[in-house]
Amino acid sequence: MRAQPTASHYINGAYVDDPEGAAIESRYPATGEVIARLNAASHRTVNAAVAAARDGFRVWAATPPAERGAVLRRAADILRARNRELSELETLDTGKPLQETLVADAASGADCLDYFGGLTRTLTGEHIDLGGSFAYTRREPLGVVAAIGAWNYPIQIACWKAAPALACGNAVVFKPSELTPLSALRLAEALTEAGLPAGVFNVVQGYGDTGAHLVSHPEVAKVSLTGSVPTGVKVAELAAKTLKHVTLELGGKSPLIVFDDADVENAVSAAINANFYSTGQICSNGTRVFVQKGIKEAFLRRLAERTAKARLGDPLDEETHIGPLVSRAQMDKVLAYMQLGRNEGARLVCGGGPAEVASLPEGYFVQPTVFADVADHMRIAREEIFGPVMCVIDFDTEDEAVARANATEFGLAAGVFTRDLARGHRVVAKLHAGTCWINTYNLTPIEMPFGGYKHSGIGRENGHAAIEHYSQVKSVYVELGDVASAY
Ligand code: NDP
């Protein structure tokens with residue numbers, strides 16, 4: 001398939017190039033080959049994108065909600081019709097197995113466009129009886145939204161930000177990660193074909209400095225970032241200078257607590273999904289797996305047996321379960337943590353190093369890795385690794401598990417496995433995390449708000465909750481009587 005896009009950027013409904021900008025190479029992580037060459041947006045191009053969005057905003061905010069919804073739902077249909085092509089592109093750009101991208105990337109993006117397309121007609125204010133007079137509220141858009149994505153779910157992140165923003169009547173300038181620049185451009189094409197007016201959704205490529213310029217732009221009203229905590233801090237600082245609204249979806253080191261009455265097979269399935277899906281490059285992953293002592297040996301035995309069956313290999317082969325990491329730099333970082341786990345004294349149950357795939361000797365492959373007997377103070381138990389490295393940690397009591405699960409600066413997600421549903425709800429209520437699961441892990445339907453507590457973020461994506469973050473409320477007091485005045 002042809003990965004090279006028509007041009008690097010998409011502004012005002014058309015592809016645009018900007019040879020002034022620094023080179024960006026997109027590589028296929030399974031081979032290291034360059035699959036597309038692009039340029040970062042210079043400040044001039046970012047400014048042009050914001051100007052296009054400002055003009056697009058005027059048209060879009062005045063478009064009736066029902067029409068806005070119809071455009072979003074048509075775009076969802078276009079993504080669905082192109083799912084295979086978009087999935088192959090996403091696999092080439094990210095290295096994630098086609099088995100995953102066929103169901104979790106453009107498909108999730110389409111669901112999101114569909115969902116928020118349906119919500120546009122329901123965005124209403126309220127009527128407030130003041131006894132004689134009344135007030136009402138209007139839910140109004142914010143203006144130009146700067147949206148910045150990470151590299152693990154490129155088109156999904158673009159849709160999770162664009163769909164609620166557009167549903168509320170905002171215009172968007174999206175900057176993908178420079179590691180995965182391709183699929184956001186296809187989303188822009190689909191939105192144009194669906195009838196979105198020119199300038200309402202724009203894409204600019206670039207590194208962190210392009211993102212920083214976009215975030216600082218005085219005509220941007222809101223910033224929505226998916227990325228690491230350090231980048232979130234920088235973006236929040238920049239946004240604060242011009243008092244912009246912010247949504248931050250950041251990193252995590254989430255706990256998955258398995259009590260000894262849990263169904264072992266289901267708990268092992270969840271731990272596998274929570275650590276090895278997308279080669280472990282998922283923000284909400286349950287990387288600290290707390291296992292109650294009574295179930296520990298059975299859990300570890302089945303985990304090792306089942307992990308041994310994982311098929312690593314060519315991500316374009318639909319039989320492949322685990323693909324490479326996104327880049328050589330990410331591979332080096334993850335391998336360093338695997339070594340660190342050994343040095344810190346954790347017990348290696350399986351994996352622990354680079355993986356050889358004979359047909360793809362240059363790919364960024366690592367083995368799915370499980371450490372047991374991990375202690376809370378170890379760096380592998382405290383820092384986000386963003387690779388397939390699971391830490392299994394023992395515990396005795398419920399209170400102890402909750403306290404240790406909460407002892408982190410992160411708070412993105414958490415999971416609890418138990419057959420005792422009263423305990424499941426009790427424990428979830430005590431966990432400091434924005435997104436929780438009972439007896440499953442990492443499912444993120446569009447209907448359910450998603451986001452973090454503590455350093456894992458501010459604001460929520462998805463569900464009705466996202467509307468709050470892409471709109472503002474105007475209150476209108478209406479006097480029906482005379483105006484009283486002292487003199
Ligand atoms: P980064 O924080 O490195 O980058 C995120 C995005 O921000 C990229 O597009 C990046 O551009 C851009 N950026 C970097 N510096 C700045 C800046 N100063 N101003 C504005 N934009 C900037 O994250 P990664 O791409 O490495 O993604 C991995 C991280 O994302 C992990 O920590 C993970 O947990 C988190 N994540 C969170 C999710 C959530 O929903 N909570 C979901 C997915 C990932 P460039 O890449 O070009 O440098």
Side-chain angles (χ1 to χ4, degrees), residues 8 21-26 38-41 46 93-94 96 104-105 108 112 146-161 173-181 184 203-217 220 223-241 244 246-254 277-287 325-327 329-330 333-334 383-387 409-413 433-435 442 444 448-462 466 469:
S8 296
I24 292 175
E25 288 179 340
S26 169
L38 299 88
N39 290 93
V46 172
D93 218 8
T94 61
K96 294 193 298 175
D105 292 79
S108 164
C112 188
I148 300 177
W151 40 257
N152 58 343
Y153 279 81
I155 197 167
Q156 185 198 83
I157 291 172
C159 290
W160 282 21
K161 297 186 184 310
V173 180
F174 183 74
K175 189 202 84 68
S177 164
E178 92 280 355
L179 291 175
T180 54
V203 178
V204 293
Q205 307 293 347
Y207 298 87
D209 61 320
T210 304
H213 181 64
L214 182 59
V215 170
S216 312
H217 198 292
V220 166
V223 180
S224 178
L225 168 83
T226 295
S228 62
V229 174
T231 304
V233 171
K234 283 189 214 156
V235 164
E237 278 173 358
L238 281 178
K241 291 198 173 131
K244 294 176 164 71
V246 286
T247 293
L248 301 174
E249 294 293 350
L250 308 177
K253 190 75 188 177
S254 299
Y277 202 73
S278 297
T279 321
Q281 303 163 111
I282 300 185
C283 51
S284 51
N285 270 355
T287 46
L325 291 161
V326 75
S327 65
Q330 190 64 16
K333 179 183 156 191
V334 172
E383 298 174 16
E384 184 181 48
I385 300 173
F386 227 54
E409 71 271 25
F410 296 112
L412 186 56
T435 310
N442 257 355
T444 53
M448 181 170 118
F450 179 81
Y453 282 11
K454 300 196 276 185
H455 288 194
S456 291
I458 295 174
R460 291 292 175 270
E461 300 198 301
N462 294 342
H469 301 288

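Both counts, for ligands and for their atoms, begin at 1 and track the order of listing. What you see is a predicted model; the values in this text were computed from it and never measured.
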Report task. Might you point out which heavy atoms bring Glu461 and Thr247 nearest each other, and give the distance in Å? Result ->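 So the minimum-distance heavy-atom pair works out to CG-CG2, 4.4 Å.
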Requested in this report: Would you name the heavy atoms of Val46 and Ala41 that are closest together and state the gap between them?
Outcome: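 Closest approach of Val46 to Ala41, heavy atoms only: CG2-CB, 3.9 Å.
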**Report entry** Neighbouring protein residues of ligand 1 - any heavy atom closer than 4.0 Å
**Finding:**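 Contacting ligand 1 under 4.0 Å are Ile148, Gly149, Ala150, Trp151, Asn152, Lys175, Pro176, Ser177, Glu178, Gly206, Tyr207, Gly208, Gly211, Ala212, Leu225, Thr226, Gly227, Ser228, Thr231, Lys234, Val235, Glu249, Leu250, Gly251, Cys283, Glu384, Phe386, Leu412, Phe450.
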Query raised in the report: Under 6.0 Å between ring centres, would you say that holds for Trp160 and Phe450?
Result: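 Yes, they do, as the ring centres are separated by less than 6.0 Å.
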Requested in this report: Say whether Asp93 and Thr180, considering side chains only, have a donor N or O and an acceptor N or O under 3.5 Å apart.
Outcome: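 No donor-acceptor contact under 3.5 Å links the two side chains.
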Query raised in the report: Can you tell me how far CG of Leu250 sits from OG of Ser228, rounded to the nearest 0.5 angstrom?
Result: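 Spacing of OG (Ser228) from CG (Leu250) equals 7.5 Å.
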Query - Those residues that, when tested against Ser456, pass side chain to side chain contact (heavy atoms under 4.5 Å, CB included) (two or more places apart) - result: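 Counting only residues at least two positions away or on another chain, Ser456 forms a side chain to side chain contact (heavy atoms under 4.5 Å, CB included) with Phe410, Leu412.
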